[in-house]
Number of protein chains: 2
Amino acid sequence: MVRKTKEEAEQTRKEIIESARAVFHQCGVSRSTLEKIAKEAGVTRGAIYWHFKDKAELFFAMREDVFAPMVERTDSLLLSDDFANPLDAIEASLKEFFRVLDDCPVVREVFEIMISRCEYVDEFSAVQEEAGRPAYEFLEKMERIYRKAADKGMLRQGLDPTAIARDTWAFTSGLLHLMLGCQKGSDLDKQIPAMISTHMALRRRA
Amino acid sequence: MVRKTKEEAEQTRKEIIESARAVFHQCGVSRSTLEKIAKEAGVTRGAIYWHFKDKAELFFAMREDVFAPMVERTDSLLLSDDFANPLDAIEASLKEFFRVLDDCPVVREVFEIMISRCEYVDEFSAVQEEAGRPAYEFLEKMERIYRKAADKGMLRQGLDPTAIARDTWAFTSGLLHLMLGCQKGSDLDKQIPAMISTHMALRRRA
DNA sequence: CTATTTACATACATTCATGAATGTTTATAA
DNA sequence: TTATAAACATTCATGAATGTATGTAAATAG
């Protein structure tokens, strides 16, 4: 039985991506053979080669599925007008980001793959650059919002918006890596909201 | 010409490690074949198998060569008695860490390999755990020193040593990852000392 | 209704990469 | 001085993994 309908084909495409995520997460990207992924998805390598040019393209597709919604989600909080204090927008956005990471296994797995189960060389160095752009955009957003907070007088005296934006930038990156890196026996997950609160409290007006 | 003297053998061992670092950095660990590494070192795979059980063991050796001196170096500053203010010890230690990373290519390459050119699965998941321990020890040290600073009255009012230790922990991890990840065209390197100063200034008594 | 694609499965050729086995000198210990 | 073992080089067998080429049945366009 071959030649499925268009919707069925789209479904197998999704199943291949799901399987790729599972196998990537378990074996690491380089040790994940297309045969394993195909078997996990209940298809043959032929199906994968039909939908994707090679493993790299499959990897990109898997990543994009998760990244875009994530950025949109956090940005909507970051740029929301519902917060009188811009610092509250930052705090809410950061907490939302890590909350999703904490209780959405799909998202978490993709981030774990990207952080500790992929080697960024050759075809994959492009991924690293693409992941670097959102990071820099995050920095710019932080700077803008901290400046707005300063204008509104919500920032603690003597703080430079650019400088503390960089501090928040590094803090967020580090939190992400620590959460996904040293997960095992640690109860870090539960302390993250408090850590974010502490971080923001450092820059609130007394 | 075979059967070198003991010192010569030790020398080729070191050359193998050097070559492994170069090849790991260029190709990523999984795509680094022992043949490539051997050729780079001017030996054959036989030599590598003589000195190391397999690629993983070679990887561990390469890592250990760089890590231990690094921890010792930063710890000596961190636990030094030369600083009247414990916060100065932290600041000096962090700056020293990133200074070495910045102008010692060997150290930088090893960290880059560990962060973005290695997949932490199977044999290598042990590496991640070993790298996680120093991270937790760093957290504990931070906590102790911040507490000491609090006792001496050098800490800004209302700050909890444990909480800001975690903040510094995440900050440092993030700085490391940002520095090694998004290196390319950014001038991040030059801003790192200022970022550390800013970070510490946030917790100094006004 | 049939011609053409689509959406795969199957088969094949080729290319590494590994680990072990074995060979070969030569330092070194006795 | 010689036996032993160190420090490699060479060779071999084997097992993936990849990409491509080809087969094929069913959906769909006309």
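First the proteins, then the strands, lettered A, B, ... as listed; each starts at 1. Everything quoted here is computed from the prediction, not taken from an experiment. All heavy atoms count here, side chains included; hydrogens, waters and symmetry mates do not.
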Legend entry - Residue list, ring pair (Phe, Tyr, Trp, His ring centres under 6.0 Å) with B/His177, at least two apart or on another chain: A/His177

Inset, instruction - Calculate the interatomic distance between A/Asp122 atom CG and D/dT18 atom C1'; express it in whole Å. - result: 16 Å

Inset, instruction - Take atom CG of A/Leu58 and atom P of D/dT18, then tell me their distance rounded to the nearest Å. - result: 11 Å

Legend entry - Set of residues satisfying ring pair (Phe, Tyr, Trp, His ring centres under 6.0 Å) with respect to A/Tyr146, sequence neighbours excluded: none

Legend entry - Length of the CZ-P vector between B/Arg13 and D/dA6, whole Å: 16 Å

Report each atom pair, protein N/O against N/O of nucleotides 28-30 of chain C, whose distance is under 3.5 angstrom.
from: C/dT28; atom 1: OP1; to: B/Thr5; atom 2: OG1; distance (Å): 3.2

Legend entry - 5' priority, DNA chain C, between B/Leu34 and A/Thr12 [closest heavy atom]: A/Thr12

Inset, instruction - Mind telling me whether A/Phe124 and A/Phe59 have parallel, tilted or perpendicular rings, with 30° and 60° as the class edges? - result: perpendicular

Inset, instruction - Taking the side chain as every heavy atom from C-beta outward, state whether A/Phe52 and A/Ile17 have any atom pair closer than 4.5 Å. - result: yes

Inset, instruction - State, without any angle test, whether A/Glu15 and A/Gln11 hold a side-chain donor-acceptor pair at a distance under 3.5 Å. - result: yes

Inset, instruction - Keeping the roles fixed (side chain from A/Arg133, backbone from A/Glu129), state whether a donor-acceptor pair exists under 3.5 Å. - result: no

Inset, instruction - Indicate the atoms forming the closest heavy-atom contact of B/Ile37 with B/Ser32, along with that distance. - result: CD1-CB, 4.5 Å

Legend entry - Those residues of residues 39-53 of chain B lying under 4.0 Å from DNA chain D by at least one heavy atom: B/Val43, B/Thr44, B/Gly46, B/Ala47, B/Trp50, B/His51

Inset, instruction - Could you tell me whether A/Lys39 atom NZ has more than 12 heavy atoms of other residues or ligands within 6.0 Å of it? - result: no

Inset, instruction - Starting from P on C/dT26, measure out to CD on B/Glu8 and report it in whole angstrom. - result: 12 Å

Legend entry - Side chain of A/Asp54 (C-beta onward), nearest among C/dT18, C/dA7, D/dG19: D/dG19

Inset, instruction - For the residue pair B/Lys55 and B/Ile48, establish whether any side-chain heavy-atom pair is separated by less than 4.5 Å. - result: no

Legend entry - Atom pair distance, as rounded to whole Å: CD in A/Glu15 and P in C/dA7: 15 Å

Inset, instruction - Specify the separation, in whole Å, of atom CD of A/Glu35 and atom P of D/dT20. - result: 17 Å

Inset, instruction - Quickly, which of A/Glu64, A/Met70, A/Arg21 forms a side-chain contact (heavy atoms from CB on, under 4.5 Å) with A/Val110? Name it, please. - result: A/Arg21

Inset, instruction - Write down the distance between CZ (A/Arg31) and P (C/dA17), rounded to a whole number of angstrom. - result: 14 Å

Validation: residues 83-90 of chain B side-chain donor-acceptor distances under 3.5 Å, sequence neighbours left out:
from: B/Asn85; atom 1: OD1; to: B/Leu87; atom 2: N; distance (Å): 2.9
from: B/Asp88; atom 1: OD1; to: B/Arg204; atom 2: NH1; distance (Å): 3.1
from: B/Asp88; atom 1: OD1; to: B/Arg204; atom 2: NH2; distance (Å): 3.0

Inset, instruction - Send over the distance from A/Lys36 NZ to D/dT18 C1', rounded to a whole Å. - result: 15 Å

Enumerate the protein-to-nucleotides 1-4 of chain C contacts in which both atoms are nitrogen or oxygen and the separation is below 3.5 Å.
none

